[in-house]
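Note sheet for the following structure.
Basis for what follows: all heavy atoms, side chains included, without hydrogens, waters or symmetry-related copies.
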Amino acid sequence: MRFVLLFVLLVCMAAASMNGEYQIANPLPGRFPPSFNVEHFDIRTPFINTSYGQVFWKLMGELPLPDDIIQRYDGKVMVLKGYEVDIMRRDASGNEYSVPAYEQYNHHYVAWMYGKSSKLLFNASGFPSDGHKQFYRIISNNSNSEFPQSQFLSEGNGNEHRKSYKYLSQDVGQLIESPTTFAPNPMIINTRNPDPTQKRGGPVPKSSRAPPNADYSGLLECPCTDRIVKDFDGYATLNTGACASPVPNASACFHAAKQLGLHASSNQTVDSPLLPAGCSVASGLRGLNVTFNTATSSTSSCGGGTAHQAHGSAKSLVDLSVSMDNRTGVVNITMTGNATVWFGVGFDAQAMVDEPYTIVVDGHGNVTERRLANHAPGTKIATSVTVLSHTVKDGKRTVVLTRAMKGISPLHMTFSIDSGTIPFINAYGTGAEYAYHQDAASAKLPLVETAGNTCVCQGQGGRINGVHFPETCVGELVAMKNPTCNLTTYQGGMSCCHHGYMLLDKDQNPTPNPDHFYLKWRFYHEAFDVTRHQNAFRVYWMTETFHSEYDVPQAPTGTPPEQAIHSLQSEFTLRQALRRFINHSSVPHPTENNDPQCVNISKVEEAGGIKLVYAAGHCHAPACISLELYRLSTGELICRNTPVYGTSDDAMDEKGYAVAIPPCVWSDKDPSLANAPLLTLDEPLLQIKKVNSTYAHLGVMAMFQCRGIYADGSI
């Protein structure tokens, strides 16, 4: 997938930076950060054409680097020192000029630059919380090289992208061996007023949270319009009591059973006090009978009594079947997966952060039990299962296990029929021995009673316009019951903002004349020098943890603006931050050399930690106040980013918009910068994001995108 560039690619000696002067968050008195004083080349993307209110969010192709850059660094290593980005148009004379943020809003971008041994692959599973319809990963065929084959670019990547400093000190850079290709993936919302005056403003949907006459467009927060269709396929079975959220009607009931994988031999609607109200399923002679009971006053409970049996199955990366018997206290578990590699199931969990009880079957058929850790392999625990059978057929390995329903220790899950539905995570590896997974997924197993009616209830989860809605909130977002966490209460953000979506209501017609614009990237580079260059690898953590966004509730009416502050925080370790991407990598043994989002954790341990050389916060206009990173054990403030807001209608100085978020930049060798802080793998860290809450805000982000180097000076 290669595209011919629309414009000429230029290579020249650096003069002034493309976007003017920059600030950093931690300057030394009387000192200035490193200047853009090396060679650069420019890449202009193909034109983007969108109408007012429309979202552009997709990969723009694999764009070749200039021929002389490819030739110069063929078989050699380029050091990417920094880069700049701008959104541009051309006037009638062909002159390019910057587009103001109130006309084209850069929600965020990600991009890859990679070498001749790498390729960009579509990855259907993606990350659980990225909000993208499409996911991409880099695969390298040169795993023996000591140098990175690709780099991931995402620093200062929101509306702040043009005036946020993205340049590294003299001793570090992003290394790429034999670079050939650049692949940008921007998310840009067209907010150019369709009114002929083309002044700020324009229609917004009823769901917009922006106040009247706001300086910023309410579209930039991606409100869910009446064009959005929510499909609640997050159903669950229940074997005791009554549904907290019943399925509303018969058609929804039959759909819910199908979504749960409960294939009915019959569907029926009744009015009976003998059955639970609403939707239920029961085992019959010919299979499962699904019933919708219109008798809303029925007092019959879900389930079939105290001495009962239940069974269920689910297909995912690993096929799973479970049967339980309360009379004997025994649970039987059947797992089927690829016979040549390890596979496993973590019970009562939807993510590794839940640290579940897990059963692993290796590529030889050996079965072990573990307690997973948060994005780590966890600990092997005592054996409680007995293998009843073990077969291999047509490349698939099936093991049938039995154990007591009650766990033999607090680390072993206690199974219960009353739970109704068992959420689980499952994965498989690249080899026979238990190690990093090749792919992972979450799923749910519905339990149906052998006797009696199992209720089918409306739970969390589902799809927006056919795209899976990620219910990945943990920690503080769950505790505060943030609306972003489940489909029922979701009001806006990236899940309502996919490529091509229109952020206007059905009765608001978009302008028929699309805007034409493009992105211009400038890359600063120099040749690798083994005596002074270290690779600056990616270090990344979201204050919203794994969900990528959250909502800010409006402060009580009358709250003074200086007191209307909403705070979100997250505790984590460097090991957790580095593990997140390793666990989702597409390569068997991911490091920064073969996956641009990964780091060799063993090497970090040997080096005694990392030195942080760059930390850039990312948050959206208009509410961002600050992002802070602390060393929790001492209370030391490592970095504090505060946005710069515009004061005019000029591009890069737009009033009401965060036009820059100056990053923290460090170096132990550059006297113009503060010394780099040392971070070790397991010391506790704390991120705090503060937002003004005079008005409510949707789809807010709160993340630090950082660069680090090995503390011992190794490349």
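- Side-chain contact between Ile688 and Thr543 is absent, with no heavy atoms from C-beta onward closer than 4.5 Å.
- A salt bridge links Arg532 with Glu526: at least one charged nitrogen is closer than 4.0 Å to a carboxylate oxygen.
- Each of Phe182, Tyr109, Trp112 was compared with Phe152 under the ring-ring contact (aromatic ring centres under 6.0 Å, His included) criterion, and only Trp112 meets it.
- For the residue pair Thr50 and Asp515, no side-chain donor N or O sits within less than 3.5 Å of a side-chain acceptor on the partner.
- A salt bridge between Lys603 and Asp712 is absent, with no side-chain N of the basic residue lying under 4.0 Å from a carboxylate O of the acidic one.
- Between Lys520 and Asp86 there is no salt bridge, since no side-chain N of the basic residue sits under 4.0 Å from a carboxylate O of the acidic one.
- Defined by atom type and a distance below 3.5 Å, a donor-acceptor pair is missing between the side-chain atoms of Glu84 and His40.
- Proximity of the aromatic rings of Tyr73 and His525 is defined here by a centroid distance below 6.0 angstrom, and this criterion is met.
- Donor-acceptor pairing under 3.5 Å is recorded for the side chains of Glu96 and Tyr518.
- For Lys81 and Tyr524, the positive end is not near the middle of the six-membered ring at less than 6.0 Å and at most 45° from its axis.
- Ring-centre distance between Phe36 and Tyr22: below the 6.0 Å cut-off.
- Using modelled atom types and a 3.5 Å distance limit, the side chains of Ser17 and Asn19 yield no donor-acceptor pair.
- A perpendicular orientation is assigned to the rings of Phe147 and Phe528, their planes being inclined by more than 60° (bins at 30° and 60°).
- Under 3.5 Å, the side chains of Glu155 and Gln705 contain no donor-acceptor pair of N or O atoms.
- Residues Arg162 and Glu654 are paired through a salt bridge, judged by an N-O separation under 4.0 Å between the basic side chain and the carboxylate.
- Under the 6.0 Å distance and 45° angle rule, Lys655 does not count as a cation-pi partner of Tyr645.
- Classification of Glu605 and Arg575 as a salt-bridged pair holds, one side-chain N sitting under 4.0 Å from a carboxylate O.
- Classification of the Phe523-Trp521 ring pair by plane angle, with boundaries at 30° and 60°, yields parallel.
- In this structure, Glu628 does not pair ionically with Lys689, as no charged nitrogen and carboxylate oxygen lie closer than 4.0 Å.
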